[in-house]
2 protein chains.
Amino acid sequence: MDAKRKKYLDARAKVLKAMAHPSRLFIIEELEKGERCVCELTEMIGADVSTVSKHLTVLKQAGIVTDDKRGNQVFYQLRVPCILNFFGCVESVLESQAQDHAASLAVGR
Amino acid sequence: MDAKRKKYLDARAKVLKAMAHPSRLFIIEELEKGERCVCELTEMIGADVSTVSKHLTVLKQAGIVTDDKRGNQVFYQLRVPCILNFFGCVESVLESQAQDHAASLAVGR
DNA sequence: TAAGTATTTGGCAATATGGCCAACAAGTAA
DNA sequence: TTACTTGTTGGCCATATTGCCAAATACTTA
């Protein structure tokens with residue numbers, strides 16, 4: 001694997017890694033509906049504000065969201081609108097797992 | 001966030017997490033072309049066989065690949081053919097980052 | 001059976017992640 | 001100014017990840 005290929009893979013892995021956490025997926029899905037301030041997301045997630053803020057930093061550094069401070073609050077928004085189409089394939093993976101599980105139950109394994 | 005939503009997010013995060021590593025992305029891209037044995041992947045990645053084997057275990061447990069032992073060798077294949085379409089959006093994120101970077105250079109920031 | 005090849009597993013060390021609390025920064029309002 | 005609200009940052013701890021080596025397992029072939 002040459003250096004160019006490695007760089008390509010590193011960049012893509014970084015974006016996926018930023019998405020690969022339940023709270024961060026939640027944030028992404030929520031921002032699909034429109035911008036949200038940190039306090040709203042914190043309320044919905046039910047973790048400490050500092051925790052949510054750090055998740056948002058991860059998403060921002062990965063280039064997935066941008067922020068906009070207005071008065072007291074900071075509003076986050078999705079930077080790339082397609083981000084959720086992205087999940088069609090994750091669904092397929094999950095569905096095929098479910099099928100396997102059903103099949104193994106039927107066979108009695 | 002209710003229990004059902006949490007379960008949904010956990011399942012999707014798990015699949016993304018399994019993909020979020022350069023060597024595992026490499027494996028996924030390589031398997032798009034057809035099945036490969038562990039020794040071929042190891043050769044291409046240039047890490048220890050045991051390391052590659054563990055990456056494959058991660059992908060298998062996430063439901064992304066399946067394995068098939070034939071004789072001495074174990075061949076891995078993608079379980080879900082769409083897995084690479086999946087990357088259109090990652091590309092968008094990376095491109096928008098690149099644009100920002102170019103813009104900030106132009107402005108002299 | 002003995003030796004060789006392919007792969008997985010266990011163990012360990014280094015590093016990264018996630019989440020909480022406390023402290024700080026910035027804005028608003030009394 | 002003082003007090004309050006919203007967010008971010010630093011510190012700390014528990015846990016997870018990654019990667020290597022060594023050992024074990026499974027097949028094949030001499």
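The sequence lines fix the lettering, A, B, ..., with proteins before strands; numbering per chain opens at 1.
For D/dT8, one of the phosphate oxygens OP1 or OP2 lies less than 4.0 angstrom from a side-chain nitrogen or oxygen of A/Y76. Between B/K17 and D/dT17, a side-chain N or O to OP1/OP2 separation shorter than 4.0 Å is present. Side-chain N/O atoms of A/K54 include none lying less than 4.0 angstrom from OP1 or OP2 on C/dC20. Using a 4.0 Å cut-off, no side-chain N or O of A/T51 falls inside it from OP1 or OP2 of C/dG19.
Salt bridge status for B/D10 with B/K14: absent, with no side-chain N to carboxylate O gap under 4.0 Å.
Across the protein-nucleic acid pair, A/D48 atom CG and D/dC12 atom P stand 18 Å apart, rounded to whole Å. For A/N72 and C/dT28, the CG to C1' distance is 6 Å, given to the nearest whole Å. At whole-Å resolution of the value, CD1 in A/I45 and P in D/dG7 are 12 Å apart. Per the geometry, CG belonging to B/L16 stands 16 Å off C1' belonging to C/dT17, to the nearest Å. The separation between B/R70 atom CZ and D/dT28 atom P is 12 Å, rounded to whole Å. Atom P of nucleotide C/dT8 and atom CG of B/D68 are separated by 12 Å, given to the nearest angstrom. Atom NZ in B/K14 sits about 14 Å away from atom P in D/dA16, given to the nearest Å. Atom-to-atom, NE2 of B/H55 to P of C/dT7 comes out at 16 Å; the value is rounded to the nearest Å.
When each of A/S50 and B/G46 is assigned the nucleotide of DNA chain D bearing its nearest heavy atom, the one mapping closer to the 5' terminus is A/S50. A residue-by-residue look at A/S23 and B/E40 shows that B/E40 has its nearest nucleotide of DNA chain C further toward the 5' end.
For the atom pair CG (A/L56) and CG (A/L41), the distance works out to 6.0 Å, reported to the nearest 0.5 Å.
Within the 3.5 Å criterion, the main-chain N or O of B/C37 finds a donor-acceptor partner in the side chain of B/E40.
Cation-pi check for B/R24 over B/F26 is not met; the charged atom does not lie both under 6.0 angstrom from the ring centroid and within 45 degrees of its normal.
A continuous path of hydrophobic side-chain contacts links B/V74 to B/L31 [ILVMFWY only; heavy atoms under 4.5 Å].
Listed nucleotides: C/dT7, C/dT9, D/dT8. Nearest to the side chain of B/C39: C/dT7.
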